[in-house]
Structure formats: structure tokens, C-alpha cells
Amino acid sequence: MKIKLHPSDQQLTLFAQGQAAPGESLIISAHVDMCPVCQKRMANVEMALAEQVLTEQSPLPDRQMQDMLAQILATPQASTTPAEVHYLELDGKHFALPRSLQRYASKINGWSHMVGKLWQARVDLGIHGRADFIYMEKGGSVPEHTHRGHELTLVLDGEFSDGKGHYDTGDFICCDGQHTHSPRTDADEGCLVFSVLDQPLHFTSGLARLLNPFSHLFFK
Amino acid sequence: MLVGIELNKYQAQGDVTNEMVACLHTVAAKRCQASFARLFHYFAPRLRAYALKQMGNDALAMELVQETLTNVWQKAHLFDASKGAPSTWIFTIARNIRFDMLRKQQHRKEDICADDLWPVLCEQTADLAQPELDEQVTLEQVGQLFEALPDKQKQVIEAIYIQGKSQQEVADALGIPLGTVKSRTRLALQRLKEMLSDED
């Protein structure tokens, strides 16, 4: 089992600089937690950035230096405690989450059962757009849709397909207005994903088109 | 001639890196003020150049510099030389603090903080909830191979990976330096990895 889909170099660099949008940063961070390849990529990007950024100097006046040093030395050594492990619960199932998403397991506003065999739990991140955990039971699917903005999806557990490709645990998927897809899963254990959206989805086929006027309620 | 100059430059850079690694270790182990002063004088002007560009205001820039170096002083034990150079570690601390400062300053309402995004200042513990994907199938094998480790390595691995202790806690409990815990962990993991690939 190997992760095939990763954030691009540009996405990773912006993330490493702290310049990516907060929701995007969070989902990239969760991917990095799951992906040894991207952990190495991150380490390399950060090393290059550090070299670039910490070469130039802007000296401080001596007195200011002395004052600051004295103030720092007067602070006590901090003790840090390891974080507790939280699980995401749905219907008696427990899902382990990547480190970066741990804190949000307890912050969901409950699961709601959507059409088909879909479950959705919104995570209130206070970001522009929205973030959700979405669980598809075996045989579950999301009606065919495209995107007005960007949809970033990270497979947390299980696998799914969307007519374009097959995605496995750890895969990081970017979709925009050029992608029309209808995700579904046939895996016995279903599929749990984390998704970050900056604009509502746009449903493109059959009866699901009727959802469009309400798409601000459904996945937005 | 030019080649000689280049070599000298790289060598000098390597020397500085080694010196900074040694300083961080002495700060972590003994809270050595002289070592910290050396780190401080080297990094403060560099961090200030970065901070001025990022914050665009001298007072905020100074706050960023001070906050970053305070973390270096307080959390030097979290620096892990096997993961990267001191300058990389210190840059990532500054990047994290900048992120949280800007969030506060711009009154943004996101509930996402730098510690979630970049675990630079988190105590590193083995995450039992998250076995590496490639290794899930071989958990049982690992159990057997674990038994084959030397006692000292087994002790450290058991405390960290099975009891979920931090490296610092293990060092305290066994009364050995943090660096020893780190190197034993590294050696043990390396050994497990070798044994696993031998089996394939």
C-alpha cells in the first residue's frame, strides 16, 4: 500500500512558508502526517527556506540585545506534555486520525446522515469555506458534481473511486472547476475522507441537479 | 583559487552548524547561559531581518525575534540533530510564531494554530493510532523482531512505543541523558528496519 497522490511542490512550499490558506494548510499537514515521502520533502523544503531566509542580517543596537538576552534567560524552562490520542466515532466505529486533525475530533457538531449512504460531520474551523469529515458506507456515493472553487480531499481510511481514478488511504486529491466526478466506494469498510472546500459544489447530473439551489446546505 | 574560497565557505558553514548543535545540546542538558548567548548573538540579527520583512513593523518584528529565541531557550531539548540543522529548526519556530502572531493581529477567527500545522514544538511521541501504512501488515513480525533487540534498546523502545512515554520522560526515568535515549531509539529502529528488509 503506497500513497500515490501528494501535494504539488508549490503547495508544499507555500505551506512550509506559512503562506497557504489555513484550511488548505490543515489538510496538507494531515497528509504530511500520513506520508513518509512528504515528511522528507517538507524537511528539504524547510532546510532550503531556512538557508534562504536566515542569511541576511539586521543587527540590533547593543543595549537592546543585552536587554532581550537578559529577559529570555530569566524565563523558566518549559515542560511540554505529549498530546492525548483522540478518535473519531461514527456508529460504533472508531477512526484513528492524523496528528494534525486530532484536536478536531471532539469539535465536530455531530454526524448528519445525507442522501445515499453518506455521513457528514462539519468541522467548525472558522475558515472561509468549509471543512468536513465525510464517511461513505460500502456502496455509498456522492452525486456527480463539479466545483466552483477548489476541493481538497484526503483519504483517511479505506478507499474510493470517482470514475477518473482510484484513491487509497493517504492520497491527497485536488479538484477544481475542470473536474467533474462522482465519488463512490465499494470497500467493505467504507471510506472516511477529510475535505476542505472554498466554494459550494455544483451538481451536474440527473435529479441531483435539483440539489444545486440547496448546495449551500449540502456540502456547503 | 575560487574553488579554495568556496570550500572554505562551506567548511565555515559546517563549523558554525556543528557549533550551534553543540550549543543547543548544552542548553538542553545544562541550561548553559554562555551557550545560549552564542546562539542568541548568531541568530537574533538574522531572525530580525526575516521578522522585519514579515511583520513590516519594528515592534512586532522584535516581538517575533524575542518569542522565537525564548522558545529556543526553553525547548532546546526538542531539537533533534538527526532531523536537520539548528538553523532549520529555528526558522521553523519563527515561521510558527509568525503564523500565530499574524492570526491574532489580523483578528482572524480561524481555529487553526501553528502547533496543529507544524509539530515543531511538540513533544515527539510514537503515535500508536497511526502505524505507518507500509508496516501495518508486519506488526506481528515486528513483535518477534523486537524480542531480538539488545536489552538496552528494547527498554527504550518499549517505554516510548508501547507505554507512549516521551523521550524526555524515558531519559528521566532511566537516569540517562536525552541524547542517549535518542541514539538508542535510532539504533533500535534502524536495526528493526534492517531485520525487516532481510525478511522480505
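Quick note: numbers below take in every heavy atom, side chains included, and nothing from hydrogens, waters or symmetry partners. Below, chains carry the letters A, B, ... as their sequence lines are ordered, and counting in each starts from 1.
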* Please look at A:Gln66 and chain B and tell me whether the side chain, the backbone, both or neither of the residue comes under 4.5 angstrom of a heavy atom of that chain. => side chain

For [X], does the [atom1] atom have more than 12 heavy-atom neighbours from other residues, nucleotides or ligands under 6.0 Å away?
| X | atom1 | value |
| --- | --- | --- |
| A:Lys40 | NZ | no |
| A:Gln10 | CD | no |
| A:Lys4 | NZ | yes |

* Asked: With sequence neighbours left out, what residues match B:Cys113 under side chain to side chain contact (heavy atoms under 4.5 Å, CB included)?
  -> A:Arg103, B:Asp100, B:Arg103, B:Asp115, B:Asp116

* **Under the side chain to side chain contact (heavy atoms under 4.5 Å, CB included) test, residues paired with A:Asp67 that sit two or more places apart** => A:Arg63

Considering non-hydrogen atoms only, spot the tightest contact between [X] and [Y] and give its length.
| X | Y | answer |
| --- | --- | --- |
| B:Ile112 | A:Tyr104 | CA-OH, 3.5 Å |
| B:Phe99 | A:Gly18 | CD1-O, 4.2 Å |
| A:Ala50 | B:Thr88 | CB-CA, 3.6 Å |

* Structure fact -> Among residues 56-65 of chain B, residues within the sub-4.5 Å heavy-atom range of chain A, in order of number, are B:Met62, B:Val65

* Structure fact -> Those residues of residues 36-46 of chain B that come under 4.5 Å of chain A on a heavy-atom basis, listed by number, are B:Phe36, B:Ala37, B:Phe40, B:His41, B:Phe43, B:Ala44, B:Pro45, B:Arg46

* Could you tell me whether the side chain of A:Lys107 reaches within less than 4.5 Å of the side chain of B:Asp111, counting heavy atoms only? => yes

* Is the shortest heavy-atom distance from the side chain of B:Trp73 to the side chain of A:Leu69 under 4.5 Å? -> no

Approximate separation, where rounding is to 0.5 Å, of [X] [atom1] and [Y] [atom2]:
| X | Y | atom1 | atom2 | value |
| --- | --- | --- | --- | --- |
| A:Gln64 | B:Gln66 | CD | CD | 10.0 Å |
| B:Trp118 | A:Ser25 | CH2 | OG | 5.5 Å |
| A:Thr75 | B:Gln74 | OG1 | CD | 4.0 Å |
| A:Glu46 | B:Arg95 | CD | CZ | 4.5 Å |
| A:Arg99 | B:Leu117 | CZ | CG | 8.0 Å |
| A:Met68 | B:Thr70 | CE | OG1 | 8.0 Å |

* Asked: Looking at A:Cys35, A:Pro59, A:Ala43, A:Ala16, which has the largest count of heavy-atom pairs under 4.5 Å with chain B?
  -> A:Ala16

Given heavy-atom pairs under 4.5 angstrom as the criterion, report whether the side chain, backbone, both or neither of [X] touches chain A.
| X | result |
| --- | --- |
| B:Leu47 | both |
| B:Thr92 | side chain |
| B:Leu52 | side chain |

* Leading residue by heavy atom contact count with chain A [cutoff under 4.5 Å; candidates B:Arg98, B:Gln54, B:Arg48, B:Lys53] -> B:Arg48

